[in-house]
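What follows is one structure encoded as structure tokens, with my remarks underneath.
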2 protein chains.
Amino acid sequence: MSTTEPSCTRFLPALRELVRAYQAFDGVSSKHIRSLGLTTSQFDVIATLGNTEGLSCRDIGDKTLMVKGTLTGVLDRLENKGLIRRAPHPEDGRSTLVQLSPTGDALFHAIFPTHLAYLDKLFAPLTDAELSALQQHLNALRQILERDRAEEDDDVSP
Amino acid sequence: MSTTEPSCTRFLPALRELVRAYQAFDGVSSKHIRSLGLTTSQFDVIATLGNTEGLSCRDIGDKTLMVKGTLTGVLDRLENKGLIRRAPHPEDGRSTLVQLSPTGDALFHAIFPTHLAYLDKLFAPLTDAELSALQQHLNALRQILERDRAEEDDDVSP
DNA sequence: TATTGTTATACTCTATAACTATA
DNA sequence: TATAGTTATAGAGTATAACAATA
């Protein structure tokens, strides 16, 4: 408060907490995921495919934020582990239908409830009102940040 | 609400928003960082070293959540770019004092205000009250999650 | 001509462990 | 004996571009 910057930093405490909270969650979550012999990306794919009839690579990439080149590698490794299958897409000859294999489906149903129950225990101290408020504020924040992504071209320069 | 799981998922909407808000921020932030020719890890180190007299690898690792083996590689690349310097630590012969080079310091002072101003513009729609509430809720969440990390041993099993 | 997914390349981060040199 | 940092290794994600098959 005696420096050169104006009021340019009022958002920093909240932003720092966002990053730290996410990192804390990521630490808890990825510890659990790694104990299953999976990476975060692999788990994301399993979770995305769970309870579906199968998805195209494009769909999976959209949901997991992976570009197609990356996804191919992740799917290769999941296929090698026998957790997914690739089949020709019935409606589009260019596309691939990616599905959980029986093993993958069993894994999904074995680990997901456990994962959720584990997290639920952690979240017990937070009231519904707190969770709801948190959700709404985070949603507002996200919309602001995503609005920026849309404006890909009119950037900072001028 | 007609499935097998109990109330095991009341936290999921908030958690999903946490992840999505973080991903949105990460998208905005890393777009800016990559445009500077840096990776997120490299930027983290630059930001950590900014406005300090230099830090040990241990300190940097603690703040950026990188293990020492990873950090060595990141520091190597920053050193090759001429952005940091490694000097023997004056107080401990085993340790290294990592500092921003003049070039790195210039970069830090050139990009940090820009980065903050850029974010400040994005955050303009949020009121101080909203930011404050968000910060407090995130802090509560983080403490819950970090409490878990401490209990490394009495895990889910029994 | 546009889209889907794969391949290829080069880089970076991750995790782990062995190693050195200091303390 | 413990700590700080480097080195070595193997594996995995990232970004980008070129490519084949299909629409």
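Order of the sequence lines fixes the chain letters, A, B, ..., with proteins taken first and strands second; residue numbering starts at 1 for each chain.
No donor-acceptor pair under 3.5 Å is formed between the side chain of A:Thr96 and the backbone N or O of A:Val98. Under a 3.5 Å cut-off, the side chain of A:His115 and the backbone N or O of A:Ile111 do not form any donor-acceptor pair. Judged by distance alone, the side chain of A:Gln42 and the main-chain N or O of A:Thr39 form a donor-acceptor pair under 3.5 Å. In this structure a side-chain-to-backbone donor-acceptor pair under 3.5 Å is present from B:His109 to B:Asp105.
Rounding to whole angstrom units, CD1 of residue A:Ile60 and P of C:dT4 are separated by 13 Å.
A salt bridge links A:Arg58 with A:Asp62: at least one charged nitrogen is closer than 4.0 Å to a carboxylate oxygen. Salt-bridge formation is detected for the pair A:Arg86/A:Glu79: a Lys NZ or Arg NE/NH1/NH2 atom is positioned less than 4.0 Å from an Asp or Glu carboxylate oxygen.
Residues B:Asp44 and B:Thr48 approach most closely at O-OG1, 2.6 Å, considering heavy atoms.
Rounded to 10 degrees, the angle between the two end axes of the helix from C:dT1-D:dA23 to C:dA23-D:dT1 is 0°, with five pairs used at each end.
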## Note on the structure
Nucleotide by nucleotide, nucleotides 6-17 of chain C touches protein heavy atoms under 4.0 Å in the pattern (B base, S sugar-phosphate only, - none) BB----SSBS--
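If you walk DNA chain D from 5' to 3' and mark each nucleotide with an atom closer than 4.0 Å to a heavy atom of chain A, the marks span D:dA12 to D:dA23.
Taking the side chain to side chain contact (heavy atoms under 4.5 Å, CB included) definition, one finds that A:Ser35 meets it with A:His32, sequence neighbours left out. Here B:Pro125 pairs with A:Ile144, A:Arg147 under the side chain to side chain contact (heavy atoms under 4.5 Å, CB included) rule; sequence neighbours left out.
Residue order along DNA chain C, read from the 5' end via each residue's closest nucleotide, puts A:Ser95 first among B:Arg94 and A:Ser95.
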Less than 3.5 Å apart, which donor and acceptor atoms pair up between the side chains of residues 64-75 of chain B and the rest of the protein, not counting sequence neighbours?
from, atom 1, to, atom 2, distance (Å)
B:Thr64, OG1, B:Ile60, O, 2.8
B:Thr72, OG1, B:Lys68, O, 3.1

